[in-house]
Protein chains: 2
Amino acid sequence: MTTNMTIYDISEKAGVSIATVSRVLNGSSNVSDKTKKKVLDVINQYEYTPNAFARGLGLNTMKTIGVMCADSSDLYLAKAIYFIEQKLRANGYDSILCCTGYELETEEKCLNLLISKKVDGIILVGSHFIYESESDNRYIMDAALQVPVMLLNASFDAPNVYSIVSDDYNSMYEATKQMIASGIQDILYFYNSTSYSGKRKLAGYRAAMEEAGLLRSGNLMQLYTGSHEDIQGMSEHLMKVQGKGILFRGVIASDDNLALGAIKYARTAGLRIPQELAIIGYNNSLLAACCNPELTSIDNKLETLCQHLITTLMGLLNGSEMPKKTVFSGEIIHRGTTLS
Amino acid sequence: MTTNMTIYDISEKAGVSIATVSRVLNGSSNVSDKTKKKVLDVINQYEYTPNAFARGLGLNTMKTIGVMCADSSDLYLAKAIYFIEQKLRANGYDSILCCTGYELETEEKCLNLLISKKVDGIILVGSHFIYESESDNRYIMDAALQVPVMLLNASFDAPNVYSIVSDDYNSMYEATKQMIASGIQDILYFYNSTSYSGKRKLAGYRAAMEEAGLLRSGNLMQLYTGSHEDIQGMSEHLMKVQGKGILFRGVIASDDNLALGAIKYARTAGLRIPQELAIIGYNNSLLAACCNPELTSIDNKLETLCQHLITTLMGLLNGSEMPKKTVFSGEIIHRGTTLS
DNA sequence: AATAACTATGTAAGCGGTTTCAATAAACCT
DNA sequence: AGGTTTATTGAAACCGCTTACATAGTTATT
């Protein structure tokens with residue numbers, strides 16, 4: 001356990017100065033093996049742990065990274081947080097978590113809070129408020145003036161802001177193309193966010209549809225504004241869409257949760273999956289393997305993304321030059337909700 | 001944004017001493033309104049934020065709570081973390097997250113790390129290493145010597161350790177009793193952890209079975225040791241159990257994930273749910289409403305638990321006397337996997 | 001009007017480390 | 001052996017803020 005000794009106590013017991021104790025604490029090379037051992041023995045004997053605040057004051061770092069996400073209870077984000085936390089701690093850092101609940105104001109407040117807590121870096125896990133235009137991201141840029149800011153699945157170009165993204169555009173483009181190739185023409189795009197990655201995904205879908213000459217009107221894109229947990233609501237939403245006479249034989253969802261809503265809708269409407277309604281989800285979350293039929297989904301290699309994010313961040317903190325943006329491609333995992 | 005001014009800069013610009021600045025910073029009453037305004041103006045003008053380390057050094061607190069959990073990507077734990085983080089921040093605290101990955105050694109290490117980071121309290125979210133016997137929890141008791149330790153869904157009696165638990169025993173007892181009452185006698189208990197709450201749940205099941213004279217041997221309890229995400233593996237596990245000639249017409253699972261495994265097993269084995277196999281899960285997670293048929297599950301009022309946990313912790317930090325243990329009862333949410 | 005009792009502010013001593021700089025000891029040359 | 005260079009160590013300044021104590025300025029009391 002942690003005792004309440006100070007560096008003075010240790011220096012006294014070890015018969016050296018506090019400077020020397022500090023040196024062995026920080027692994028300075030300029031300490032003789034003999035004294036180093038002597039000091040370490042005392043430290044171990046009394047289970048001394050240096051005071052983090054004092055240390056922070058002197059070093060101006062507490063080896064802590066701020067992690068911000070909209071909702072840590074979202075399956076995908078929760079997973080990201082888990083990977084990030086694990087990898088950070090493996091690197092001797094730990095993480096302060098802030099959940100912003102999809103509110104811009106909270107996001108700004110948290111950002112300032114993290115900065116004032118002197119984190120060494122900030123990771124935005126799927127922030128919902130990254131805009132394409134730089135000037136709209138001022139609050140992030142302000143934070144980046146102080147510490148490196150890492151963006152997971154989002155990207156914009158600003159000093160000291162680094163992005164690790166999955167190629168959502170291309171993944172969606174390919175998924176849509178494949179569904180078209182399987183003979184389906186009326187493909188509804190079902191999404192719930194206009195975030196950075198949301199826009200990219202939508203663009204991928206549109207490109208494929210346009211290319212095939214199938215994008216006739218905005219009818220085939222449906223924004224769902226309810227909670228990401230409200231499967232029933234999603235299903236009802238699709239029922240309404242159907243009620244309006246909009247025809248669709250395929251659903252491509254921006255998220256597995258939404259895809260589940262589509263599955264539920266199919267059940268309610270009595271449609272056979274995938275023969276009468278094909279569905280593709282996104283994120284390849286636990287849900288995809290859980291539902292019935294199992295969901296075809298796009299896997300965007302979350303762990304790889306997180307690993308690179310941490311590697312990049314650690315590099316930056318060590319003063320290395322690091323790539324501003326890294327892109328990984330996704331992969332379509334075929335399961336029971338698609339034909340081909 | 002946060003500037004790099006010190007209290008000296010502010011005091012100079014405001015024409016007062018640093019003590020006065022510090023007083024307005026900390027809301028001390030002994031400052032005249034005139035000077036207070038003067039100082040605040042300067043602070044706002046320069047967007048000054050006091051250095052957290054220096055402040056921590058002086059106050060010996062950084063308004064931070066350590067949150068430990070085995071796996072933040074687990075649906076249930078993720079949700080708990082979300083609630084906790086939200087409520088903490090609403091109270092002016094924030095949280096350092098540590099995921100221990102179900103490893104005792106990591107759990108101990110994190111506990112020490114949190115203490116050394118001078119957190120004001122520690123919350124164990126469904127720790128897997130709470131033992132019934134006090135002496136086995138020494139490492140937690142050591143931490144409790146320094147700061148209050150809050151246990152969610154676990155409990156043991158030690159100084160400065162507080163518990164908020166759901167009455168798992170009773171919930172399971174009732175669930176089992178109801179299934180028996182619905183005419184099912186061969187009920188398999190499918191579980192994956194021998195944690196504190198795991199034991200309680202199992203005991204509830206046993207009690208109900210014993211009471212009904214149905215507990216003939218240990219055959220009807222099946223410990224699954226695989227990953228909580230490996231639905232396929234769970235299903236196969238149950239296939240093997242069936243293969244051994246162990247008969248079961250009902251499954252009560254210690255967790256919704258396991259229940260999903262049971263659903264998958266039923267599908268594979270060609271059993272109709274709930275007529276040929278009834279299933280009850282635990283936690284009433286998102287999954288329960290997602291799967292097909294929808295899962296009957298026990299809701300243990302997670303948000304209520306978290307709310308009370310935070311309230312209790314805040315009370316403690318304000319020096320109030322607080323209850324050592326609070327118990328809430330759960331509720332069975334009936335859906336499509338049970339008869340009655 | 002003189003004394004007591006506050007109120008508002010400043011001075012300076014910590015809080016527990018890190019680090020610069022100077023001093024001492026040990027090692028290396030010629 | 002004497003002069004250098006280098007490896008160790010310690011003294012003390014400093015990081016930025018809190019707070020006990022002292023002081024000066026006000027208001028209340030008799």
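First the proteins, then the strands, lettered A, B, ... as listed; each starts at 1. All values derive from a computational prediction rather than experimental measurement. Values below: every heavy atom of this structure, side chains too, minus hydrogens, waters and symmetry copies.
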Five-pair end axes of the helix from C/dA1-D/dT30 to C/dT30-D/dA1 and the angle they enclose, rounded to 10°: 30°

Interatomic distance, [X] [atom1] vs [N] [atom2] [rounded to whole Å]:
{"X": "B/Ile10", "N": "D/dT18", "atom1": "CD1", "atom2": "C1'", "result": "17 Å"}
{"X": "B/Lys34", "N": "D/dG25", "atom1": "NZ", "atom2": "P", "result": "14 Å"}
{"X": "B/Met62", "N": "C/dG16", "atom1": "CE", "atom2": "C1'", "result": "15 Å"}
{"X": "B/Ile43", "N": "D/dC17", "atom1": "CD1", "atom2": "C1'", "result": "13 Å"}
{"X": "B/Lys36", "N": "C/dT7", "atom1": "NZ", "atom2": "C1'", "result": "13 Å"}
{"X": "A/Lys38", "N": "D/dG10", "atom1": "NZ", "atom2": "C1'", "result": "13 Å"}
{"X": "B/Asn30", "N": "C/dT7", "atom1": "CG", "atom2": "P", "result": "7 Å"}
{"X": "A/Leu57", "N": "C/dC15", "atom1": "CG", "atom2": "P", "result": "14 Å"}

Pairs meeting criterion salt bridge (Lys or Arg N to Asp or Glu O under 4.0 Å) with involvement of residues 74-83 of chain A, two or more places apart: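 Non-adjacent pairs meeting salt bridge (Lys or Arg N to Asp or Glu O under 4.0 Å): A/Lys79-B/Glu229.
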
If a pair satisfies salt bridge (Lys or Arg N to Asp or Glu O under 4.0 Å) and one of its residues is in residues 89-100 of chain A, list it, with sequence neighbours excluded. A/Glu85-A/Arg89, A/Asp94-B/Lys117

Pairs flagged by side-chain hydrogen bond (donor to acceptor under 3.5 Å, both in side chains) wherever residues 51-62 of chain B is involved - sequence neighbours left out: B/Asn26-B/Arg55, B/Thr61-B/Asp120

Going by the rule salt bridge (charged side-chain N to carboxylate O under 4.0 Å, His left out), which residues pair with B/Glu303 if we only count those two or more places apart in sequence or in a different chain? B/Lys87

Side chain of B/Val16, heavy atoms from C-beta onward: which of C/dG16, D/dG10, C/dG10 has the nearest atom to it?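 Minimum distance to the B/Val16 side chain belongs to C/dG10.
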
When you get a sec, tell me which of D/dT8, C/dT9, D/dG16 is the closest nucleotide to the side chain of B/Ser32?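 Nearest to the side-chain atoms of B/Ser32, counting from C-beta on, is C/dT9.
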
With [X] via ring-ring contact (aromatic ring centres under 6.0 Å, His included) - residues at least two apart:
{"X": "A/His228", "value": "none"}
{"X": "B/Tyr139", "value": "none"}
{"X": "B/Tyr8", "value": "none"}

Counterpart residues, side chain to side chain contact (heavy atoms under 4.5 Å, CB included), relative to A/Ala80 (two or more places apart): A/Val125, A/Leu152, A/Leu302, A/Cys306

Are A/Lys37 and A/Asp41 close enough for a salt bridge, meaning some N to O gap below 4.0 Å? yes

Can you name the atoms? Protein N/O to nucleotides 25-28 of chain C N/O, anything below 3.5 Å, with the distance.
none

Under the side-chain hydrogen bond (donor to acceptor under 3.5 Å, both in side chains) test, residues paired with A/Thr20 that sit two or more places apart: A/Ser17

Could you verify whether a donor N or O on one side chain and an acceptor N or O on the other, from A/Tyr76 and A/Asn153, lie under 3.5 Å apart? yes

Sugar-phosphate means primed atoms, P, OP1 and OP2; the rest is base. With that split, encode nucleotides 17-23 of chain C 5' to 3' as B, S or - using protein heavy atoms under 4.0 Å. BBBB---

